[in-house]
Amino acid sequence: MEWRETYELWQNFEDLDANLKEELANNKDEELLKDAFGASLSFGTAGMRGVLGAGPNRMNIYTVRQATEGLATLIEQSGEEAKRRGVAIAYDSRHYSPEFAMEAAMVLGKHNIKSYVYESLRPTPVLSFAVRHLNAFAGIMITASHNPAEYNGYKVYGADGGQMPPEDADNLTKFVRAVENPLTVEVGDKTELLGNGTIDIIGDRVDEAYLEEIKAVTVDQALVNEMSDKVNIVFTPLHGTGMYLGMKALEQAGFKSVHVVEEQAKADGDFPTVASPNPESEEAFDLAEQLARSVEADILLATDPDADRLGAMIRTASGDYQLLTGNQIASIMLDYILNARQAQGDLPANGVAIKSMVSTNLADAIVQSYGLEMVEVLTGFKFIAEKIQQYEETGAHTFLMGFEESYGYLIKPFVRDKDAIQALVVLAELTAYHKKHGRTLGDALQAMYDKYGYFYEKTISLSFPGLSGAEQMKQIMHTIRTEGIADMGGLKVETAADYLAGSLTYADGKESKLTYPSSDALKYVLEDGSWVAFRPSGTEPKIKLYLGVQGESQAEVEAKATKIEADIRNLTK
């Protein structure tokens, strides 16, 4: 169907939502209309994410209904027990999040599928926990993570609390795409569904169970008790979901000097004090840093809107504050956890940490120094969750920590996704540990580099918006695959991994098979151990480029990175 026909279908739909009807009446920009009605939102393994508005290529109640109709079909095919177990549904502070959550529940209710809907906003990790705690068949999280205010999204979780495994995700995607017209999806009657219990509104009963599990995240309670009022922490939820449970978790652990950025404490989908509510960004810490200087904070912590990602700034020896990368945060946490557990005689011999394929090799060096194993998985936290499930079933390994470079960490596996609330507690504890020993976290970071070597990583996102963007991305990946790469930044390529073809090619031309699931990603390891990777985003019109280098000094790794980045950018022009 040509975009104008789809546009007219929506424009003439008698029962169209009033806000969307008004938007269509006022929108005369043909390019915007073509983008909104000329394609459908991509529904992939991580769900969907997009700009709010009218049209099949926007987030609105109809595209939410379409996605949920696909999920309902998947559940129906899984049998009556799956329908009874139902779906846990949570949402963050974004515009229309509560409405989208209830629309999803009403679609499920039309199919006589039970849903558990939170009465107010909750973090993504709590949704993951709720799926497991309630023995639900699936979960839905309404969130667009740290995207700007005009976005919202829809993520689907499997019965283990992780994002759906590939087979279920592929079937779900097929069922969603089979719904040709999202305007025709039927919903149940909200009052009736609430009355008969098909929609079950849940409050803090699951929160209490989550907080009980959080207690196990603290490694050294005696240390926390000793330093409880001596560590100054600044915390901001960036107008998102992290405030209530984040503060509860810190207070429960015993931290008494936590200073909240009051201007950002209230949930607000406009995110009025930041350009983007992204804890990876130094600008998002502007207000937190002002507060930190007034209270002489040791660490600044920020959760993103759905509180699955955590950013941090640390106090250095000079008294300034330094923004950490996700890789640095993960490494300093991992080093502390392993050291503390070893000191307590509680470090399992079969312990394992898990990281994504584009995360720092510093973590490998840390884990190996304790005689333990680092396991590498594809990008996407569901692959970490799959490994945790596998280890629980086989007993082959004991999970110690998992992380992605994109500011996502998991300490204890009662959650099966990134959990910023757990990370809050660990970072507060390790700050206490280093302060007790007379060190700033800047000192601790430098000591880590002195011990393991210098590591530097960078992520570059290239945007390809509009209808032609997806084709451009495909062409770039195809060209790199077919032409190959012999060297980067003056360093020869030792191995080339193509995760779509499932092949690992060595410099001498020999090949071996990869054991990873199929994924559109490429990774090249260079002769000195440095690496580069290329991966189209699963939720946004972007190609993400990654590089990681290692060396004997900060100057050396930065110089290497500059050369490699220049070559990467030339390849993707």
Side-chain angles (χ1 to χ4, degrees), residues 1-44 47-74 94-111 140 142 144 147-154 156 172-190 269 463-474 537-542:
M1 192 182 290
E2 206 262 344
W3 77 265
R4 290 183 190 277
E5 294 177 61
T6 308
Y7 168 66
E8 288 169 6
L9 189 70
W10 281 61
Q11 192 177 41
N12 297 328
F13 183 56
E14 201 170 295
D15 295 324
L16 191 71
D17 173 81
N19 290 327
L20 298 181
K21 190 172 285 189
E22 183 181 354
E23 179 193 324
L24 289 181
N26 295 328
N27 188 358
K28 306 302 179 187
D29 187 321
E30 187 163 309
E31 280 304 306
L32 285 178
L33 291 172
K34 187 176 180 181
D35 184 57
F37 292 92
S40 295
L41 268 184
S42 172
F43 192 96
M48 62 184 185
R49 189 183 302 173
V51 174
L52 291 159
N57 200 27
R58 296 288 185 266
M59 281 294 299
N60 51 63
I61 64 171
Y62 304 105
T63 50
V64 166
R65 288 176 182 178
Q66 178 182 20
T68 312
E69 183 72 11
L71 178 60
T73 304
L74 176 71
R94 291 179 176 275
H95 295 303
Y96 298 104
S97 283
E99 291 86 347
F100 291 168
M102 189 52 69
E103 289 288 339
M106 290 190 294
V107 171
L108 294 169
K110 185 69 177 177
H111 293 263
I140 297 170
I142 306 296
N147 280 71
E150 63 268 23
Y151 281 80
N152 211 329
Y154 181 109
V156 184
L172 173 57
T173 301
K174 180 179 69 177
F175 295 142
V176 171
R177 290 173 182 168
V179 180
E180 292 184 5
N181 183 359
L183 300 176
T184 63
V185 176
E186 296 182 15
V187 298
D189 181 84
K190 178 180 174 181
S463 295
F464 297 87
L467 295 176
S468 63
E471 192 53 45
Q472 285 179 271
M473 289 162 61
K474 280 183 188 175
S537 170
T539 52
E540 301 171 278
K542 293 179 179 179

Measuring only between side-chain heavy atoms, which start at C-beta, is Y154 closer than 4.5 Å to T68? yes
SB check K110 D189 (cutoff 4.0 Å): no
Measure the spacing between CZ of R58 and OG of S40 and express it to the nearest 0.5 Å. 11.5 Å
Could you list all the side chain to side chain donor-acceptor pair (under 3.5 Å) pairs where at least one residue sits in residues 20-29, not counting sequence neighbours? none
Atom pair NE2 (H111) and CG (L71), whose distance is rounded to the nearest 0.5 Å: 9.5 Å
Spacing of CD1 belonging to I142 relative to CE belonging to M59, to within rounding of 0.5 Å: 6.0 Å
Can you see which heavy atom on F37 is nearest to which on G55, and at what distance? CE2-CA, 3.4 Å
Between Y96 and F100, how do the two ring planes meet: parallel, tilted or perpendicular, split at 30° and 60°? parallel
Output, in order, the C-alpha distance, side-chain angles, deciding distance and verdict of side chain to side chain contact (heavy atoms under 4.5 Å, CB included) for R177 and T173. CA-CA 6 Å; R177 290 173 182 168; T173 301; 3.2 Å; yes
Going through the checks in order, is the salt bridge (charged side-chain N to carboxylate O under 4.0 Å, His left out) test met by K190 and E103? CA-CA 9 Å; K190 178 180 174 181; E103 289 288 339; over 6 Å; no
Return all side-chain donor-acceptor pairs below 3.5 angstrom for residues 179-187, not counting sequence neighbours, or 'none' if the list is empty.
from, atom 1, to, atom 2, distance (Å)
N181, OD1, L183, N, 3.0
T184, OG1, N181, O, 2.7

Starting at CD of E69, measure out to OH of Y62 and round the result to the nearest 0.5 Å. 15.0 Å
Can a donor-acceptor pair be found between the side chains of N147 and R49 at a distance below 3.5 Å? yes
Quick check for you: to the nearest 0.5 Å, what is the distance between N57 atom CG and W3 atom CH2? 13.0 Å
Interatomic distance, CG@D17 vs CD1@I61, rounded to 0.5 Å, equals 4.5 Å
Could you pull out all residues at least two apart from Q66 that satisfy side chain to side chain donor-acceptor pair (under 3.5 Å)? none
